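Sequence positions, counted from 1, serve as the residue numbers for this chain. What you see is a predicted model, and the numbers here were worked out from it, not measured in a lab. Hydrogens, waters and symmetry mates play no part in the numbers below; they use all other heavy atoms, side chains included.
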Amino acid sequence: MWEGLEQAERVSCVGSMPPVLCIDISMHPDAFGVVGKSIKLKCSFTSSYPISDIVAVDWTYRQLNGGSTVTILHFQNKPYPILEGPFKDRIIWEGDVRRGDASISLTDLRLTDNGTLSCIVWNPPDVHGNVPQTKLTVTIENLFFQFNTVILLSALVFIPSALVSLLLLIRMRRSINRGRTKNLKWRKKSPIEESQDCVYDDNENTPLHPTLPQEQSPGCFMKFCLRCLDDSDED
């Protein structure tokens, strides 16, 4: 749940009067957990003196609604978690004081765990400095995971539906185009259109028709009109 100490709260004794040795402690100001899960609370420190065998660490806890501050873990050569209280059997030491690490993990998180936690480190004679705090917020479900799940499910439903709709539109358009082409191909021509397609040579009994087989009888509107004119001249 932690990704570095970019926004770590720094504690420094620089400028103190009179000058004293100081231990510098870093903690992330906020931590977010989920009910029933675990969370690692990081605490790192640097000292102006080499880390000794008597270095000591205290982790304290205070509820959000106030109340007294209680020590939930003490470390000196080895960790001593509390034997009673809200975090009984739920604290794991994750630190390595030789490397300046005093981190812990809380398991089986509960909504009642919401509160502020502090990490205090002593490396005599470096024992001075303010105490940083981490605000722990525990929720029923990881909101970030829930948001990503909603997006993923929406994408799984929307993308296939969009593809199916697109394919149906393409098929409908092709069917409409084929229907138009078929209607144009089989549309019956008017007598005037048929007469324009008829061409005759010198022998009027031999029609030249580009759209009809040679063995089919002429029967063109133009030939009919010409015959009507011939009959009128004879009368």
Side-chain angles (χ1 to χ4, degrees), residues 1-16 20-48 51 55-76 78-123 126-151:
M1 305 291 286
W2 290 80
E3 297 183 8
L5 300 173
E6 298 87 354
Q7 300 178 358
E9 184 176 335
R10 308 294 297 179
V11 179
S12 177
C13 295
V14 176
S16 59
V20 294
L21 299 177
C22 178
I23 192 161
D24 190 17
I25 306 172
S26 300
M27 293 182 68
H28 200 287
D30 295 291
F32 300 92
V34 179
V35 171
K37 303 296 183 178
S38 301
I39 185 173
K40 185 175 182 180
L41 304 176
K42 285 190 175 181
C43 173
S44 63
F45 64 92
T46 58
S47 176
S48 55
I51 304 299
V55 64
V57 179
D58 271 357
W59 274 87
T60 63
Y61 168 77
R62 185 182 183 188
Q63 291 183 333
L64 285 180
N65 56 4
S68 60
T69 300
V70 297
T71 299
I72 60 175
L73 180 141
H74 175 74
F75 177 92
Q76 190 167 8
K78 67 176 183 178
Y80 297 92
I82 59 171
L83 300 178
E84 299 293 337
F87 293 101
K88 179 184 177 182
D89 300 327
R90 297 195 293 130
I91 305 175
I92 300 175
W93 173 257
E94 300 277 5
D96 183 354
V97 293
R98 293 293 179 182
R99 297 184 178 182
D101 186 0
S103 304
I104 63 171
S105 287
L106 302 179
T107 63
D108 189 22
L109 292 175
R110 305 165 186 174
L111 292 176
T112 54
D113 293 339
N114 289 321
T116 56
L117 296 102
S118 299
C119 175
I120 310 167
V121 183
W122 297 275
N123 182 43
D126 291 358
V127 294
H128 297 278
N130 293 327
V131 179
Q133 292 183 339
T134 291
K135 181 181 178 181
L136 174 62
T137 302
V138 180
T139 57
I140 296 177
E141 186 176 358
N142 191 325
L143 297 178
F144 180 75
F145 175 78
Q146 183 181 20
F147 180 71
N148 286 344
T149 302
V150 170
I151 292 178

Close side-chain approach of Glu94 and Asp101, heavy atoms under 4.5 Å
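A side-chain contact under 4.5 Å is absent here.
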
Within the structure provided, determine whether Thr137 and Asp30 are in side-chain contact (heavy-atom separation under 4.5 Å).
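Not in contact.
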
Provide the closest heavy-atom pair for [X] versus [Y] in the form atom of the first, atom of the second, distance.
{"X": "Asn123", "Y": "Ser47", "answer": "ND2-OG, 2.9 Å"}
{"X": "Ile72", "Y": "Phe87", "answer": "CG2-CD1, 3.8 Å"}
{"X": "Val121", "Y": "Ile25", "answer": "N-CD1, 3.7 Å"}
{"X": "Phe75", "Y": "Val97", "answer": "CE2-CG1, 3.6 Å"}
{"X": "Thr60", "Y": "Ile120", "answer": "CG2-CD1, 4.2 Å"}

Ile39 and side-chain contact (heavy atoms from CB on, under 4.5 Å): which single residue from Leu106, Ile104, Val34 fits?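 So the option named by the test is Leu106.
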
Subject >> Met27 and its side-chain contact (heavy atoms from CB on, under 4.5 Å) partner, picked from Ser44, Ser103, Cys119 >> reply: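 When Ser44, Ser103, Cys119 are each tested with Met27, the side-chain contact (heavy atoms from CB on, under 4.5 Å) holds only for Cys119.
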
Rounded distance [0.5 Å steps], [atom1] in [X] versus [atom2] in [Y]:
{"X": "Thr139", "Y": "Asn114", "atom1": "OG1", "atom2": "CG", "value": "8.5 Å"}
{"X": "Asp113", "Y": "Gln63", "atom1": "CG", "atom2": "CD", "value": "9.5 Å"}
{"X": "Leu64", "Y": "Thr116", "atom1": "CG", "atom2": "OG1", "value": "7.0 Å"}
{"X": "Phe45", "Y": "Asp24", "atom1": "CZ", "atom2": "CG", "value": "11.0 Å"}
{"X": "Ile92", "Y": "Leu41", "atom1": "CD1", "atom2": "CG", "value": "11.5 Å"}
{"X": "Tyr61", "Y": "Gln133", "atom1": "OH", "atom2": "CD", "value": "12.5 Å"}

- Please answer whether the main-chain N or O of Pro81 pairs with a side-chain N or O of Trp59 as donor and acceptor at a distance below 3.5 Å.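 Here the side-chain-to-backbone pair does not exist.
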
### Message
Given 3.5 Å as the limit, does a donor-acceptor pair link the side chain of Arg62 with the main chain of Gly67, or not?
### Response
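A pair under 3.5 Å: yes.
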
Does CG belonging to Leu83 count more than 12 external heavy atoms closer than 6.0 Å?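 Not buried by this count: 12 neighbours or fewer within 6.0 Å.
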
Polar contact flag, side-chain donor to acceptor under 3.5 angstrom, Thr71-Asp58: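 Not at all, the side chains of Thr71 and Asp58 share no donor-acceptor pair under 3.5 Å.
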
Stepwise, does the side-chain contact (heavy atoms from CB on, under 4.5 Å) test hold for Lys42 with Thr134?
-> CA-CA 9 Å; Lys42 285 190 175 181; Thr134 291; over 6 Å; no

